[in-house]
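To start, the structure itself, in C-alpha cells.
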Amino acid sequence: MLKQLYIKNFTLIDELDIPFYPGFSVITGETGAGKSIILGAIGLLLGNRADARQIKQGERKCVVEAHFDLSRYDMRAFFETNDIDYEDECIIRREVNSSGKSRGFINDQPVTVATMKELGEHLIDIHSQHQNLLLQKDDFQLNVVDIVANDKKELEAYQSLFFKWQEARRQLKQLQAEISANREQEEFMRFQLQELSQAELSDGEQEQLEKEVSTMSHVEEIKQALFEADGILSTEDSGAVDKVHQACSTLQRIIELYPDIKELNDRLDSCYIELKDIANEIQNALESVEFDPADYQRKSERLDLIYSLEQKFHKETISELIAERDGLAGQLNRIDNSEEALSQQQTKVDEALAACKKAANKLTNVRRRAAEEIRRSMEVRLQPLGIPNVRFNIQIEPQELTAAGGDKVCFLFSANKSTPMQPVADVASGGEIARVMLSIKAIISSAVKLPTIIFDEIDTGVSGHVAEKMAMIMREMGDNNRQVISITHLPQIAAMGKHHYKVEKQETPNGTQSHMHLLTHVERVEEIAQMLSGSNITNAAIENAKELLK
C-alpha cells in the first residue's frame with residue numbers, strides 16, 4: 001500500500017512530501033484547491049500520459065515518487081518477469097522534462113511506461129466519477145462477475161479451446177479459398193504440370209549438358225591442342241618423355257661414382273613415370289574426342305527446352321522447375337481430394353466447437369453462482385444506503401461465443417418495489433449509481449488483493465445518513481489490510497476517516513501554489529465544522545463536528 005508520496009514542480013505544487021497510512025483516510029479541500037492535481041501526479045506513476053504542461057511554470061522538470069509496502073502481497077513474480085530487483089518497499093518514480101519526454105523507474109531501475117502501468121494496476125485503483133459510466137459497459141459487468149467467481153482457471157481453459165476453434169475455422173476458410181482459387185486455374189495448372197512432367201527433368205542435368213555441349217562446340221580446338229601436346233611429350237627420341245628417360249639413364253651411370261646424385265636420380269625417375277602416364281592419358285583423350293553432329297543437336301535441343309521452361313516459369317535452375325512441378329502436382333492433388341480435405345477440416349472445426357461450448361457452459365455455471373452471490377450482497381449493501389426497497393439482479397443470457405465466453409451480462413436495478421427492473425445505467429439516478437458502484441467496489445475489494453483504493457468524490461448526489469453509511473462501507477474496506485482513500489466534500493464521510501488530509505491553494509509572490517498536509521485533531525474539528533457551516537464557523541458547527549468525529 002502507499003506509504004509516502006513525493007511531488008516536485010508538478011503544476012501548482014512546488015514540493016510535497018507526505019506520508020500515508022493503512023485503513024481509511026480522507027482528503028478534503030475547496031473546489032479548485034488542487035485535489036485533482038494529487039490524483040494527476042499519482043496517475044503519472046500508474047503510466048498515464050505525460051505532458052510538458054504538467055511542469056510547474058519556470059521549472060525544467062517535475063518528479064513524482066511514491067513508496068509502496070508490498071510485504072503483504074505476493075508480487076515477486078512480476079519483478080522476476082520484468083527483471084527488476086524485488087524489495088518489500090517498492091519505489092516508483094516518474095520524471096517529465098520540458099520537452100514532454102518522461103522517464104520511469106521502479107526501484108531505481110529504468111522501465112517502460114507500459115511496465116509502470118502493469119505494476120500500477122496491481123497497486124492502486126482510482127475510482128473517479130467518470131468510472132460510473134462503466135456500468136453502461138457489458139465487459140465491465142462481466143468482469144465484476146468473473147472477479148467474484150474467481151473463475152480464472154475455467155476462463156483460461158475455455159479461452160484455450162476458443163482459440164483452437166478459431167484457428168480451425170481460419171484453416172477451413174483458408175482451405176476453401178485455396179481450393180476455390182485453384183479450381184479457377186485448374187485447366188491451366190494441368191497444362192503446366194503436363195508440360196513440366198513431359199520434360200522429365202532431373203537434378204544436375206543442365207550443368208552436365210552445358211559442359212558436354214561446350215566441349216562439342218570446341219572439338220577441333222581441343223583435338224589440335226591434344227595432338228600438339230602428344231607430339232611434345234611422345235615424339236620418338238625428341239619427345240619430353242624420352243628426353244627425361246635419357247637423363248635418368250645418364251645419371252644412373254654415375255651413381256656409384258657420385259652417390260650424392262642418387263636422390264636427384266630417384267626424383268627424376270618419379271617425374272619420368274608421372275610424365276609417361278600423362279602422355280598415355282593425353283593419347284587416350286585424343287582418341288576419345290570425337291564430334292557426333294546428331295548427339296550435339298540432340299543435347300543442344302534439350303538445353304534449349306530447359307532454357308525455355310526456365311524463362312516461361314521465371315525460374316533459374318532445374319531444381320526450381322522441379323519444385324514448381326511438384327507444387328502444381330500437390331495443388332491439383334488437393335483439388336482432386338478437396339471434398340475429403342474439406343470434410344476432414346470441417347470435422348476438426350465441429351469437434352473444436354463442441355469442446356468450446358462444453359467449456360463455455362462450465363464457465364456459465366460458475367458465473368451464475370457468482371451472480372447470485374453478488375445479487376444477495378448488493379441488496380444487503382444498498383438497503384442501508386437509502387434504497388430500502390432495492391431490487392438488484394444479474395441477467396446472464398447466451399450470446400455468440402467470444403474470447404470472454406458465451407455470456408451476455410446485464411446488471412438490473414430497481415429502487416422501488418412497483419418498478420420493473422431495468423439495466424442499471426438506464427434507470428438509476430446519479431446518487432444511486434454512486435452507491436451501486438461503491439457497493440460493487442466493496443464486493444470486488446474482498447475478492448482481490450488490491451492494496452490501495454482511491455475514491456474521487458464517489459459521494460456525488462448523496463448526503464446525510466446515506467453519506468455516513470457510505471463512509472462506513474469505505475472504512476470497513478480499509479479495515480481489511482487495505483488502504484482506502486476518499487476525496488470528499490461531505491463532513492459525514494470526512495469524519496469517518498482515521499487520517500484526514502487537507503488540500504489548500506495559496507497565493508504567494510511566486511504565484512499560486514497548492515499544499516497538502518495531515519490534519520491534527522483540532523484542525524480536523526475546524527475543517528469539518530467549516531464543511532458543515534461554511535467559512536463562518538459557528539459554535540454549533542464546532543460541536544457538531546466533534547460529535548461526528550466521535
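Basis for what follows: all heavy atoms, side chains included, without hydrogens, waters or symmetry-related copies.
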| message | Can you tell me if Asn150 has over 12 outside heavy atoms packed within less than 6.0 Å of its CG? | response | no
| Residues Arg376, Glu372: salt bridge by 4.0 Å N-O rule | yes
| Is Arg391 reaching over with its side chain to a backbone N or O of Lys417, donor-acceptor style, under 3.5 angstrom? | yes
| message | Tell me the closest heavy-atom pair linking Val64 and Leu45, and the distance in Å. | response | O-CD2, 3.3 Å
| query | Would Cys90 and Ile92 satisfy side chain to side chain contact (heavy atoms under 4.5 Å, CB included), going step by step from the backbone distance to the final call? | reply | CA-CA 7 Å; Cys90 173; Ile92 304 178; 3.9 Å; yes
Please set out all donor-acceptor pairs under 3.5 angstrom arising from side-chain atoms of residues 540-550, sequence neighbours excluded.
none

| request: Side-chain contact test, heavy atoms from C-beta onward, threshold under 4.5 Å: evaluate it for Leu161 versus Lys358 and give yes or no. | output: no
| message | Quick check against the 3.5 Å criterion: does Asn97 have a side-chain atom that pairs as donor or acceptor with the backbone of Ser99? | response | yes
| said: Listing request: all ring-ring contact (aromatic ring centres under 6.0 Å, His included) pairs with a residue in residues 357-398, at least two apart in sequence or in separate chains. | reply: Phe392-Phe411
| request: Establish, from distance only, whether the side-chain atoms of Glu167 and Gln171 form a donor-acceptor pair under 3.5 Å. | output: yes
| Can you list every pair that meets ring-ring contact (aromatic ring centres under 6.0 Å, His included) and has a residue in residues 92-114, with sequence neighbours left out? | none
| Worked verdict on Glu89 versus Lys3 for salt bridge (charged side-chain N to carboxylate O under 4.0 Å, His left out) | CA-CA 9 Å; Glu89 181 171 308; Lys3 290 180 60 180; 3.0 Å; yes
| field | Flag side-chain contact, heavy atom, 4.5 Å: Val349 against Gln346 | value | yes
| query | Any chance CE of Met472 has more than 12 other-residue heavy atoms, nucleotides or ligands included, within less than 6.0 Å? | reply | no
| message | Contact between Phe79 and Asn107 at the side-chain level, heavy atoms closer than 4.5 Å - yes or no? | response | yes
| task | Identify whether the distance between the nearest side-chain nitrogen and carboxylate oxygen of Glu379 and Arg375 falls below 4.0 Å. | result | yes
| said: Is it true that Arg170 and Gln174 share a donor-acceptor pair across their side chains at a distance under 3.5 Å? | reply: yes
| query | Checking Arg475 side chain against Phe24 main chain: does a donor-acceptor pair fall under 3.5 Å? | reply | no
| query | Do the non-hydrogen side-chain atoms of His127 and Met437 ever get within less than 4.5 Å of each other? | reply | yes
| Is the backbone N or O of Glu30 less than 3.5 Å from a side-chain atom of Lys35, with the two atoms forming a donor-acceptor pair by type? | yes
| request: To the nearest 0.5 Å, tell me how far Leu46 CG sits from Arg94 CZ. | output: 9.5 Å
| field | Close side-chain approach of Lys498 and Tyr21, heavy atoms under 4.5 Å | value | no
| said: For the NE2 atom of His515 and the OG1 atom of Thr508, what is their distance to the nearest 0.5 Å? | reply: 7.0 Å
| request: Grab the two heavy atoms, one from Val96 and one from Ser102, that are nearest each other, plus how far apart they are. | output: CG2-CB, 4.0 Å
| said: Using 0.5 Å steps for rounding, measure from the CD1 atom of Ile443 to the CE atom of Met477. | reply: 10.0 Å
| query | Is a donor on one side and an acceptor on the other found under 3.5 Å between the side chain of Thr28 and the backbone of Thr488? | reply | no
| Rounded distance [0.5 Å steps], CE in Met531 versus CG in Leu490 | 6.5 Å
| said: So that I can tick it off, tell me whether Lys408 and Glu397 are bridged by a salt bridge, with the cut-off set at under 4.0 angstrom between side-chain N and carboxylate O. | reply: no
| note | Interatomic distance, CD1@Ile126 vs CD1@Ile454, rounded to 0.5 Å, equals 4.5 Å
| said: Any side-chain to backbone donor/acceptor pair from Gln395 onto Leu412? Under 3.5 Å, distance only. | reply: no
| query | Does any non-hydrogen side-chain atom of Asp146 lie less than 4.5 Å from one of Val366? | reply | no
| request: Mark yes or no for whether Asp88, through its side chain, and Leu70, through its backbone, hold a donor-acceptor pair below 3.5 Å. | output: no
For residues 5-15, which side-chain donor-acceptor pairs fall under 3.5 Å, sequence neighbours excluded?
residue: Tyr6; atom: OH; partner: Glu15; partner atom: OE2; Å: 2.5
residue: Asn9; atom: ND2; partner: Lys61; partner atom: O; Å: 3.4

| message | For Glu504 and Gln506, which I'm curious about, is there any donor-acceptor pair between the side chains at under 3.5 Å? | response | no
| Over all atoms of both residues, closest heavy-atom pair of Ala434 and Ile458 | CB-O, 3.0 Å
| Looking only at heavy atoms, what is the nearest atom pair of Gly34 and Val503, with distance? | C-CG1, 3.7 Å
| In this structure, are over 12 heavy atoms from other groups packed under 6.0 Å from Asn539 atom CG? | no
| query | So, the side chain of Arg72 versus the backbone of Met1: is there a donor-acceptor pair under 3.5 Å, distance only? | reply | no
| request: Would you indicate whether the side-chain heavy atoms of Met75 and Phe68 approach each other to under 4.5 Å? | output: no
| task | Using modelled atom types only, decide if a donor and an acceptor are shared between the side chain of Asp69 and the backbone of Ser71 within a distance under 3.5 Å. | result | yes
| query | Under the side chain to side chain contact (heavy atoms under 4.5 Å, CB included) criterion, do Leu123 and Tyr73 qualify, and how do the steps go? | reply | CA-CA 10 Å; Leu123 297 178; Tyr73 305 92; over 6 Å; no
| query | Going through the distances and angles, do Gln530 and Lys502 end up as a side chain to side chain contact (heavy atoms under 4.5 Å, CB included)? | reply | CA-CA 12 Å; Gln530 186 174 18; Lys502 183 175 181 179; 3.8 Å; yes
| Considering residues, nucleotides and ligands other than Asp17, do more than 12 of their heavy atoms fall under 6.0 Å from its CG? | yes
| said: So if I apply the side-chain contact (heavy atoms from CB on, under 4.5 Å) rule between Glu432 and each of Ile387, Val424, Leu382, which one comes out positive? | reply: Ile387
Distance-only donor-acceptor pairs under 3.5 Å for side chains of residues 152-159, two or more places apart:
residue: Tyr158; atom: OH; partner: Thr402; partner atom: O; Å: 2.6
residue: Gln159; atom: NE2; partner: Ala403; partner atom: O; Å: 3.0

| field | Identified side-chain contact (heavy atoms from CB on, under 4.5 Å) counterpart of Arg435 within the set Lys469, Met378, Arg381, Met470 | value | Met470
| said: How close do Leu119 and Phe78 get, counting heavy atoms only, and between which atoms? | reply: CB-CZ, 3.5 Å
| Do you know which two heavy atoms are closest between Gly406 and Leu401, and how far apart they sit? | CA-CD2, 3.7 Å
| query | Which pairs count as ring-ring contact (aromatic ring centres under 6.0 Å, His included) when at least one residue sits in residues 25-47, sequence neighbours excluded? | reply | none
| query | Between atom NZ of Lys348 and atom CG of Leu353, what is the distance when rounded to the nearest 0.5 Å? | reply | 16.0 Å
| Is there side-chain contact between Val26 and Tyr501, with at least one heavy-atom pair below 4.5 Å? | no
| said: I'd like to know whether Leu385 forms a side chain to side chain contact (heavy atoms under 4.5 Å, CB included) with Ile473, so could you lay out the CA-CA distance, the side-chain angles of the two residues, the decisive distance to 0.1 Å, and finally the verdict. | reply: CA-CA 10 Å; Leu385 294 178; Ile473 290 176; 3.7 Å; yes
| message | Check whether Ser180 reaches the backbone of Gln176 with its side chain - one donor and one acceptor, N or O, closer than 3.5 Å. | response | no
